[in-house]
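Take a look at the structure below.
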Amino acid sequence: MNDLHAPVLRWYDEHARELPWRSPSATPWSVMVSELMLQQTPVARVLPVHEQWLERWPTPASLAAEPAGEAVRMWGRLGYPRRALRLHAAATAIVEHHGGEVPADHADLLALPGVGDYTAAAVAVFAHGRRHAVLDTNVRRVHARVLDGVELAPQSVTRAERERATDLLPRDDADAATWSVAVMELGALVCTAQRPRCGACPVADACAWRAAGHPAYDGPPRRGQAWAGTDRQCRGRLLAVVREADGPVPRPRLDAVWPEQAQRERCLASLLADGLLVRDGEDYALP
DNA sequence: TATACGTGGCC
DNA sequence: TGGCCAAGTAT
């Protein structure tokens, strides 16, 4: 145990949110579903969808048995709907290659659609108790501040950063898992990107960033996410029409939600290419 | 490695 | 008020 473990673990024990996927009765599938949904998406918005999802599809096999379009519809307005397709494809792969059970090995998880390095680690650790570093944006920000004395972590993860995160893990598997979720929670609730609550931080006294006077980020400029008028907005509008319709949608109803024809055509084509929509004559529908 | 990919809440 | 941000992945 290093000097950070005890205060962070104690803080987590006292302040952690009770979330369904952290329940002792949560299944690996519940954890995996939560991780896909939480990618770039706030907890508050995931909560109701996760509950409905698990009620309808309590196992990978139950989801794999349905058309992918049902997953897209249930995904609702969570955003990045390709994740719904990937989760459905992952469920299918789990049935085909893992006997319907969410695998525990990082490499097996990484091979599943929609599962990258972070999610593979999160499922291995939080669903199966494996000992593995979990590096998400929260953990990276906490490490950057406490250990490096900078406001934000670099854009990409280096080998050194990963090795340090692994070195920081408590020796015991269960403690290591709790440590990872605790650091994530600390980043989500206290060591936030904006307006960090250093007064509530269990390791404020050990924080290099605080000791340095909270120097502002001075790295390369980080690109914002363009939205208005972008293909992303257009795709979102088009897919929302089909998702919220009872059946196949005639083309004019799609034309009505986006004025620029060229962009509309391009986005419709990309939605078809992604498999988020299928065309049936003059109508469009979920797959 | 840089970019595309949804949505909505916050200050 | 609009830019920033939220448990990333795929290409």
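Throughout, protein chains are lettered first and strands after them, A, B, ... in sequence-line order, and every chain is numbered starting at 1.
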Original post:
How far does the P atom of C:dA7 sit from the matching atom of B:dT3, given to the nearest Å?
Top reply: 23 Å

Original post:
Which part of the nucleic acid does A:Arg45 contact within heavy-atom distance under 4.0 Å: base, sugar-phosphate only, or nothing?
Top reply: base

Subject >> Between C:dA7 (P) and A:Leu36 (CG): distance, integer Å >> reply: 16 Å

Original post:
Using a cut-off of 4.0 Å on non-hydrogen atoms, how would the nucleic acid contact of A:Gly79 be classed: base, sugar-phosphate, or nothing?
Top reply: base

Original post:
Taking the six-membered ring where the residue is Trp, are the ring centres of A:Trp53 and A:Trp75 under 6.0 Å apart?
Top reply: yes

Subject >> Enclosure of A:Arg17 CZ (heavy-atom neighbours >12, cutoff 6.0 Å) >> reply: yes

**OP:** Look at the side chain of A:Thr41 against the base of B:dG6 and say whether a donor-acceptor pair falls under 3.5 Å; ignore hydrogens and angles.
**Re:** yes

Original post:
Mapping A:Leu110 and A:Ser34 onto DNA chain C by nearest heavy atom, which one lands closer to the 5' end?
Top reply: A:Ser34

Subject >> Residue closer to the 5' end of DNA chain C, A:Val115 versus A:Arg141 (nearest nucleotide) >> reply: A:Arg141

**OP:** Check whether more than 12 heavy atoms from other residues, nucleotides or ligands sit under 6.0 Å from atom CD of A:Glu51, and answer yes or no.
**Re:** no

**OP:** Look at all strands and tell whether A:Gln225 reaches a base, only sugar-phosphate, or nothing, counting heavy atoms closer than 4.0 Å.
**Re:** base

**OP:** Could you check whether A:Arg17 gets within reach of a base, just the sugar-phosphate, or nothing at all, counting any heavy atom under 4.0 Å?
**Re:** base

**OP:** May I ask you to evaluate whether A:Arg77 reaches the phosphate of B:dG8, defined as a side-chain N or O under 4.0 Å from OP1 or OP2?
**Re:** yes

**OP:** Provide the closest heavy-atom pair for A:Met184 versus A:Val139 in the form atom of the first, atom of the second, distance.
**Re:** CG-CG2, 3.4 Å

Subject >> Sugar-phosphate, base or nothing in reach of A:Thr137, heavy atoms under 4.0 Å >> reply: sugar-phosphate

Original post:
So what does A:Thr192 touch, heavy atoms closer than 4.0 Å: a base, only the sugar-phosphate, or nothing?
Top reply: nothing

Subject >> Pairwise 5' ranking along DNA chain B for A:Ser156 and A:Ser270, keeping only the more 5' one >> reply: A:Ser156

Original post:
Does NZ or CZ of A:Arg253 lie under 6.0 Å from the centre of the six-membered ring of A:Tyr284, at an angle within 45° of the ring axis?
Top reply: no

Original post:
Contact class for A:Trp75 vs. all strands (heavy atom < 4.0 Å): base, sugar-phosphate, or nothing?
Top reply: nothing

**OP:** Round to the nearest Å and state the distance from A:Leu112 atom CG to C:dA10 atom C1'.
**Re:** 15 Å

Subject >> Nucleotide nearest A:Leu38 (side chain, heavy atoms from C-beta), chosen from C:dC5, C:dA7, B:dC5 >> reply: C:dA7

**OP:** Specify the separation, in whole Å, of atom CD of A:Gln233 and atom P of B:dG8.
**Re:** 11 Å

**OP:** For A:Ala193, answer base if it contacts any base atom (sugar-phosphate contacts may also be present), sugar-phosphate if it contacts only those atoms, and nothing otherwise; contact means non-hydrogen atoms under 4.0 Å.
**Re:** sugar-phosphate

**OP:** Pick base, sugar-phosphate or nothing for A:Leu19, based on heavy-atom distances below 4.0 Å to the nucleic acid.
**Re:** base

Original post:
Would you say C:dG8 has OP1 or OP2 under 4.0 Å from some side-chain N or O of A:Gln40?
Top reply: yes

Original post:
Reckon A:Arg232 touches a base, only the sugar-phosphate, or nothing at all at heavy-atom distances under 4.0 Å?
Top reply: base

Original post:
Rounded to whole angstrom units, what separation is found between the CD atom of A:Gln39 and the C1' atom of B:dA4?
Top reply: 15 Å

**OP:** Determine the contact category for A:Asp117: base if any of its heavy atoms lies under 4.0 Å from a base atom, sugar-phosphate if only primed atoms, P, OP1 or OP2 are that close, otherwise nothing.
**Re:** sugar-phosphate

Original post:
Rounding to a whole Å, what distance do you find between A:Tyr80:OH and C:dC5:C1'?
Top reply: 11 Å

Original post:
More than 12 heavy atoms of other residues, nucleotides or ligands under 6.0 Å from CD of A:Gln155: is that the case?
Top reply: no

**OP:** To the nearest Å, give me how far apart CD (A:Glu35) and P (C:dA6) are.
**Re:** 16 Å

**OP:** To the nearest Å, give me how far apart CG (A:Leu87) and P (C:dA7) are.
**Re:** 20 Å

Original post:
Do any side-chain nitrogens or oxygens of A:Arg83 fall under 4.0 Å of OP1 or OP2 in C:dA10?
Top reply: no

**OP:** Provide, to the nearest angstrom, the distance between the CZ atom belonging to A:Arg235 and the P atom belonging to B:dC5.
**Re:** 6 Å

Original post:
Taking atom CD of A:Glu244 as the centre, does the number of heavy atoms from other residues, nucleotides or ligands within less than 6.0 Å exceed 12?
Top reply: yes

**OP:** May I ask you to say what A:Arg243 touches in the nucleic acid, namely base, sugar-phosphate or nothing, with a heavy-atom cut-off under 4.0 Å?
**Re:** sugar-phosphate

Original post:
Looking across every strand, which nucleic acid part, if any, lies under 4.0 Å from A:Leu78 by heavy atom: base, sugar-phosphate, or nothing?
Top reply: base

Subject >> Nearest-Å distance once atom P is located in both B:dG9 and C:dT9 >> reply: 25 Å

